[in-house]
Amino acid sequence: MFRSIKEDIDSVFARDPAARSVFEVITCYPGFHARLVHRMAHWLWYAKLKWLARFLSHLGRFLTGIEIHPGATIGRRFFIDHGMGVVIGETAEIGDDCTLYHGVTLGGTSWKEGKRHPTLGNGVVVGAGAKILGPITIGDSAKIGSNAVVVKNVPAGATAAGIPARILDEASKRPGFNAYGISNDQNDPLAQAIHGLLGHGMVVDKRINLILEQLEKMGVNIEEERATADKFDPNYLNKIVD
C-alpha cells in the first residue's frame, strides 16, 4: 500500500506543475485524499462491510467534493486534478496512469444490476466536465475533451469531443500528456466536412462557368443566368466555420 501511495504522490508531480512539495500534496490535494479514502472503502466493500464502506465513502465526499463508490476499481498512479464534482460509479473500472479533471462523471444509463458504468484503459485523460455514460470502453491512451458527453466506445489513442462526442483523430497517436484531454490543433469533424463541401462547391461553380462560357460562344443568350447567379464566397464561409 505504501508503494502505491508513493506512486500517487509521484504522479501528482508528473502531471501538475503547481505541486511544490510532498507535504503540499499530502495536505492540500483533494484528489490524493479521495484516493486514500477509496482504498480503505474499497477494501471494506469486498470484506462484506458494505454499509461501513459506503459511510466512509460518504465522509470522503464531504471532505473532498469527490464521490467515488467503494465498489469502483481503480488502477495505479490515478490522478484527479482539482477534483470538485467528480463522480465515479459502482461498476466503473479505471486503468493505470489515468487522469481526471474536475466535474467528470463516470456514470450509468440504466437502473439494471450488473455492469452499468464505463471502463477506462491505461493512460486515459478525461477533461473537465466530461460525462462518460454507460458500460462503454475508453481505449488505452484515449483523450476525452472538456464537457464532452461520451455514450459510445472510444478506440485506443483517439480523442473524442463534443455533444455527443465524436472521434477527432482516431488514426493519430499523439505522444505526451495533453491537459484537459485535447490540444489546440484538433479540428471538429463537422467543420472538416463543411470545409470539404465548400471546396466541392467551388469546383462545381468553376465547371458551371465553363459550361456557360461554351454556351455563350455558341450564341446562346445567358445574360439572365449571369444576372441571377448567387454570389458565393467560399473563403469568407471557411473563415466563419473556423
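Here the structure is a predicted model, which is why all the values come from computation and not from measurement.
Using a 4.5 Å heavy-atom threshold, the side chains of Ile138 and Val126 count as separate. Using a 4.5 Å cut-off on side-chain heavy atoms (C-beta onward), Tyr29 and Glu24 make contact.
Within the model, atoms NZ of Lys143 and OG1 of Thr99 stand 10.5 Å from one another, a figure rounded to the nearest 0.5 Å. Taking CZ of Arg35 as the reference point, atom CD1 of Ile74 lies at 5.0 Å (rounded to 0.5 Å). Atom CD1 in Ile66 sits 9.5 Å away from atom NE2 in His33 (nearest 0.5 Å). Rounded to the nearest 0.5 angstrom, Ile132 CD1 and Ile144 CD1 are separated by 5.0 Å. Atom CG of residue Asp97 and atom CG of residue Asp140 lie 10.0 Å apart, to the nearest 0.5 angstrom.
Across Ala165 and Val150, no two heavy atoms sit closer than the pair CB-CG2, 3.7 Å. Nearest heavy atom pair, residue Gly145 against residue Ala130, reads O-CB, 3.7 Å. In terms of heavy atoms, Leu168 sits closest to Ala161 at CD1-CB, 3.9 Å. When all heavy atoms are compared, the tightest approach of Ala92 to Ile88 is CB-CG2, 3.7 Å.
The hydrophobic cluster containing Met40 does not contain Phe78, counting ILVMFWY residues as joined when their side-chain heavy atoms lie under 4.5 angstrom apart, directly or transitively. Linking Ile, Leu, Val, Met, Phe, Trp and Tyr residues whenever their side-chain heavy atoms come within less than 4.5 Å places Val12 and Leu36 in a single cluster. By the rule that hydrophobic residues join a cluster once side-chain heavy atoms approach within less than 4.5 Å of another member, Ile167 and Ile136 end up as members of one cluster. Linking Ile, Leu, Val, Met, Phe, Trp and Tyr whenever their side-chain heavy atoms come within less than 4.5 Å puts Val37 and Trp43 in one cluster.
Clustering of Ile, Leu, Val, Met, Phe, Trp and Tyr by side-chain heavy atoms under 4.5 Å joins Trp45 with Tyr46. In this structure, Val87 shares a hydrophobic cluster with no other residue, the cluster being traced through Ile, Leu, Val, Met, Phe, Trp and Tyr side chains under 4.5 angstrom apart. When hydrophobic side chains of Ile, Leu, Val, Met, Phe, Trp and Tyr are connected at separations under 4.5 Å, Val149 ends up clustered with Leu133, Val151, Ile163.
Scored by the side chain to side chain donor-acceptor pair (under 3.5 Å) test, Thr64 finds no partners at all (sequence neighbours excluded). By the side chain to side chain donor-acceptor pair (under 3.5 Å) test, Asp10 is found to be paired with Lys6, residues two or more places apart in sequence or in another chain being considered. Evaluation of the side chain to side chain contact (heavy atoms under 4.5 Å, CB included) rule for Ile26 yields Ile9, Val22, Phe32 as partners, not counting sequence neighbours. With sequence neighbours left out, Thr119 forms a side chain to side chain donor-acceptor pair (under 3.5 Å) with Lys115. A search for ring-ring contact (aromatic ring centres under 6.0 Å, His included) contacts involving His117 returns nothing, not counting sequence neighbours. Remark: Asp8 engages Arg39 in a side chain to side chain donor-acceptor pair (under 3.5 Å) (not counting sequence neighbours). Shown here are the side chain to side chain contact (heavy atoms under 4.5 Å, CB included) partners of Arg3, two or more places apart in sequence or in another chain: Glu7, Arg76. Residues satisfying the side chain to side chain contact (heavy atoms under 4.5 Å, CB included) test with Thr27, not counting sequence neighbours, are Phe23.
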May I have the list of side-chain donor-acceptor pairs in residues 47-62 shorter than 3.5 Å, sequence neighbours left out?
from	atom 1	to	atom 2	distance (Å)
Ser57	OG	Ile68	O	2.8
Arg61	NE	Glu67	OE1	3.4

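Of the possible donor and acceptor atoms, one in the side chain of Asn122 sits under 3.5 Å from a partner among the backbone N and O of Asp96.
Aromatic ring orientation, His82 versus Tyr101: tilted (interplanar angle from 30° to 60°).
Partner Leu100 forms a side chain to side chain contact (heavy atoms under 4.5 Å, CB included) with one of Thr105, Val86, Asp81 and no other, that one being Val86.
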